[in-house]
Amino acid sequence: MSLKSLLMPIVAARLLSRERLLAKRSRAERKRKRRGEPHRIHYFHQVDDPYSALATAALPRLLARYDVELVPHLTGPPPDDAAPQQAMLVTHSRRDAAQLAEHVGLELADPGAQPAAESVRQATALLAEAIETGRFVDEAWAISRRLWSEPEALAATTSGADQRAETSVRRGTALRARLGHYLGATFHYGGEWYWGLDRLYHLEQRLQELGAARSGVDDLLFPPSKDLRTPTPLEPAPEIDFFFSLRSPYSAIVTPRIFELARLTGAKLRLRFVLPMVMRGLPVPRAKRRYIAEDAAREAFARGIPFGRVNDPVGRPVERGLSLMPLAERVGRGEDYLASFMRGVWAEGIDAGSDRGLRTLAERAGLEWRAALGALGDDGWRATAEANRQELFGLGHWGVPCFRIGETLVMGQDRLWAVGSLLGVGPGSARSHTVG
């Protein structure tokens with residue numbers, strides 16, 4: 001075992017611990033009070049991003065519920081290295097945002113294409129003017145809805161307004177990068193990031209703990225959907241394809257939850273592993289890695305999933321881990337092995353690159369170590385991983401975790417409500433999109 005693999009879990013456990021997060025929040029609050037500043041939230045809005053459009057719908061309600069100051073900024077799209085599959089991201093964002101809108105009771109349909117450049121230019125100028133005049137919170141949702149549903153209703157703009165808008169976007173994009181993020185629809189408060197409606201509940205809980213909630217506010221605007229808890233057998237038993245990566249923290253924290261959903265409904269899971277993005281030649285910049293790890297830790301805590309003592313399995317540990325998947329599935333231990341591996345490398349600091357570590361992961365899942373050693377020499381899993389990747393790309397997706405039921409695909413560890421809705425069980429009435 002290398003020194004790196006020994007130290008990494010210790011460092012990760014510290015960096016991703018709940019105690020460190022709470023201490024960081026406490027320092028930010030002491031600093032705010034010392035400076036006599038209000039609870040100031042910076043909001044970064046990408047004009048042609050549907051998640052940003054949905055976020056603006058929450059702004060008036062957020063300010064009505066909390067004694068906060070909101071500072072809006074316009075920002076450009078994520079840099080190429082943070083979104084290497086831009087075309088897929090854009091298409092997925094429209095479909096997923098429309099599904100999310102229906103789920104939370106907002107009106108924002110997927111028009112099937114991005115708004116025209118001229119419409120985006122007009123909306124950008126109008127939103128920049130709204131920032132300048134202090135009307136952004138009141139006007140942004142209406143402007144965003146027109147952009148996506150009736151762009152012909154957008155008001156004409158002048159060249160001067162367009163120039164000021166371009167300056168506003170450049171400044172907002174630079175500030176977002178300086179503060180350490182890459183996406184639109186993001187809220188930054190006290191050194192911490194919150195993306196879109198899906199993570200707004202973390203910010204609300206923090207504000208409530210700080211006493212910033214106005215009188216009578218003790219609930220959440222968009223609480224996280226609850227997972228299915230009671231047995232609900234389905235006939236005929238549906239099939240769910242679970243696309244995952246052993247190096248994906250979101251895959252790790254959803255694995256026990258999708259297994260539980262399958263158990264309660266009788267659904268048949270097919271495990272569809274792919275190589276991690278970085279091992280497929282797709283870049284993952286530092287700001288993105290950091291946010292995903294910290295966000296996964298928050299989400300894991302909220303769901304009661306062990307997480308944080310990480311021994312990054314990138315490279316050889318992933319390859320060794322995947323080489324045992326075919327064996328595990330042949331002997332009926334696929335889910336047990338995957339659960340063991342995910343818990344081991346993401347919560348227990350086990351080094352899957354060592355024989356000792358991998359043996360622990362394998363044997364507690366019911367695999368014989370002698371058989372596992374034989375499987376380590378078989379590279380047949382590579383063809384399976386590549387076939388799964390090609391199928392995922394063919395469905396219009398590049399990342400994981402993803403879930404397919406029939407011809408319908410859902411992406412994200414925070415979309416199990418959509419999986420349940422497709423199966424006809426659990427809370428949520430949103431329709432996912434049909435691949436075609």
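- Across all their heavy atoms, Ala98 and Asp110 have their closest contact at CB-N, 3.6 Å.
- In summary, the side chains of Glu209 and Gln205 do not present any donor paired with an acceptor at a separation below 3.5 Å, with no hydrogens or angles considered.
- Contact detail for Thr124 and Leu74: the closest heavy-atom pair is O-CD1, 3.7 Å.
- Glu132 CD: more than 12 foreign heavy atoms inside a 6.0 Å radius.
- In terms of the side-chain hydrogen bond (donor to acceptor under 3.5 Å, both in side chains) criterion, residue partners of Arg40 (sequence neighbours excluded) are, by chain and number, Glu69.
- Atom OH of Tyr66 and atom CD1 of Ile41 lie 9.5 Å apart (nearest 0.5 Å).
- Residue-environment remark: CZ (Arg290) stays at or below the threshold of 12 foreign heavy atoms within 6.0 Å.
- Both cation-pi conditions hold for Arg18 and Phe301: the charged atom is under 6.0 angstrom from the six-membered ring centre and inside a 45 degree cone around its axis.
- The pair Asp336-Arg333 meets the salt-bridge criterion, with a side-chain N (NZ, NE, NH1 or NH2) lying under 4.0 Å from an Asp/Glu carboxylate O.
- Counted by atom type alone, Tyr250 and Asp295 present one or more donor-acceptor pairs between their side chains at under 3.5 Å.
- Looking at residues two or more places apart in sequence or on another chain, you find a salt bridge (Lys or Arg N to Asp or Glu O under 4.0 Å) between Arg303 and Asp227.
- One N or O on the side chain of Asn311 and one on the backbone of Ser5 form a donor-acceptor pair closer than 3.5 Å.
- Put simply, the side chain of Tyr51 never gets that close to the backbone of Thr186: no donor and acceptor are under 3.5 Å apart.
- Taking CD of Gln46 as the start and CG of Leu127 as the end, the distance is 12.0 Å to the nearest 0.5 Å.
- Taking the charged nitrogens against the carboxylate oxygens, Glu260 and Arg257 have no contact shorter than 4.0 Å, which rules out a salt bridge.
- Under the 4.5 Å side-chain criterion, counting only non-hydrogen atoms from C-beta, Trp381 is in contact with Glu319.
- Using a 4.5 Å heavy-atom cutoff, the side chains of Lys226 and Trp417 are not in contact.
- At least one donor-acceptor pair under 3.5 Å links the side chain of Trp346 to the backbone N or O of Leu246.
- In terms of heavy atoms, Thr75 sits closest to Val169 at C-CG1, 3.9 Å.
- Between Ala352 and Leu361, the closest heavy-atom pair is CB-CD1, 4.0 Å.
- In this structure the side chain of Leu338 reaches within 4.5 angstrom of the side chain of Phe259, judged on heavy atoms.
- A donor-acceptor pair under 3.5 Å links the side-chain atoms of Arg289 to the main chain of Val284, judged by distance alone.
- Screening Trp193, Phe187, Tyr43 for a ring pair (Phe, Tyr, Trp, His ring centres under 6.0 Å) involving His181 leaves a single residue, Trp193.
- A donor atom on one side chain and an acceptor atom on the other are not found under 3.5 Å apart for Ser421 and His103.
- With contacts defined as side-chain heavy-atom distances shorter than 4.5 Å, the pair Leu416/Phe403 qualifies.
- With a 4.5 Å cut-off on side-chain heavy atoms, Leu100 and Arg415 count as touching.
- The OG atom of Ser323 sits 9.0 Å away from the CZ atom of Arg382 when rounded to the nearest 0.5 Å.
- The shortest heavy-atom contact between Leu179 and His188 is CD1-ND1, 4.0 Å.
- His397 and Gln85 share no side-chain donor-acceptor pair at under 3.5 Å.
- Taking CZ from Arg121 and CD from Glu166, the interatomic distance works out to 9.5 Å, rounded to the nearest 0.5 Å.
- By the 4.5 Å heavy-atom criterion applied to side chains, Phe243 and Arg270 are not counted as neighbours.
- For the atom pair Leu324 CG and Leu358 CG, the distance stands at 5.0 Å (nearest 0.5 Å).
- Under the side chain to side chain contact (heavy atoms under 4.5 Å, CB included) test applied with Leu54, the options Val104, Asp198, Leu197, Asp49 reduce to a single match, Leu197.
- Of the N and O atoms on the side chains of Arg170 and Thr167, at least one donor lies less than 3.5 Å from an acceptor on the other residue.
- Checked by atom type and distance alone, the side chain of Arg272 never pairs as donor or acceptor with a backbone atom of Phe242 at under 3.5 Å.
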### Task
Kindly indicate, with the supporting measurements, whether the criterion side-chain contact (heavy atoms from CB on, under 4.5 Å) is fulfilled by Leu21 and Glu294.
CA-CA 9 Å; Leu21 176 62; Glu294 292 177 349; over 6 Å; no
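- Taking a 6.0 Å sphere around CZ of Arg171, one finds it holds 12 or fewer heavy atoms contributed by other residues, nucleotides or ligands.
- Taking 4.0 Å as the cut-off between side-chain N and carboxylate O, Asp219 and Arg65 count as a salt-bridged pair.
- In this structure, Thr265 contributes its side chain and Leu234 its backbone to no donor-acceptor pair below 3.5 Å.
- Enclosure of atom NZ in Lys24 by more than 12 non-hydrogen atoms of other residues, nucleotides or ligands within 6.0 angstrom is indicated.
- Counting only distance, with no hydrogens or angles, the side chain of Ser144 and the backbone of Ala53 share no donor-acceptor pair below 3.5 Å.
- Partners of Arg146 under the salt bridge (Lys or Arg N to Asp or Glu O under 4.0 Å) rule, at least two apart in sequence or in another chain, do not exist in this structure.
- Between Ala339 and Thr255 the shortest heavy-atom distance is CA-CG2, 4.3 Å.
- Using a 3.5 Å distance cut-off with no hydrogens or angles, the side chains of Tyr337 and Glu329 do not pair a donor with an acceptor.
- Salt bridge Asp81/Lys288: absent, no basic N to carboxylate O contact under 4.0 Å.
- Taking 4.5 Å as the limit, some side-chain heavy atom of Met411 sits within range of a side-chain heavy atom of Trp398.
- Judged purely by distance below 3.5 Å, without hydrogens or angles, the side chains of Ser248 and Ser251 pair a donor atom with an acceptor atom.
- Contact check on Glu107 versus Arg145 returns a salt bridge, with a Lys/Arg side-chain nitrogen under 4.0 Å from an Asp/Glu carboxylate oxygen.
- Salt bridge present: Arg320 and Asp355 bring a charged side-chain N and a carboxylate O closer than 4.0 Å.
- A distance of 11.5 Å separates CD in Glu335 from CZ in Arg263, rounded to the nearest 0.5 Å.
- Residues Met277 and Arg247 fail the side-chain proximity criterion, which asks for heavy atoms closer than 4.5 Å.
- Side-chain atoms of Arg316 come within 3.5 Å of backbone atoms of Gly353 as a donor-acceptor pair (strictly under, hydrogens ignored).
- No side-chain donor-acceptor contact under 3.5 Å links Arg404 to the backbone of Leu395.
- Side-chain atoms of Gln86 come within 3.5 Å of backbone N or O of Pro78 as a donor-acceptor pair.
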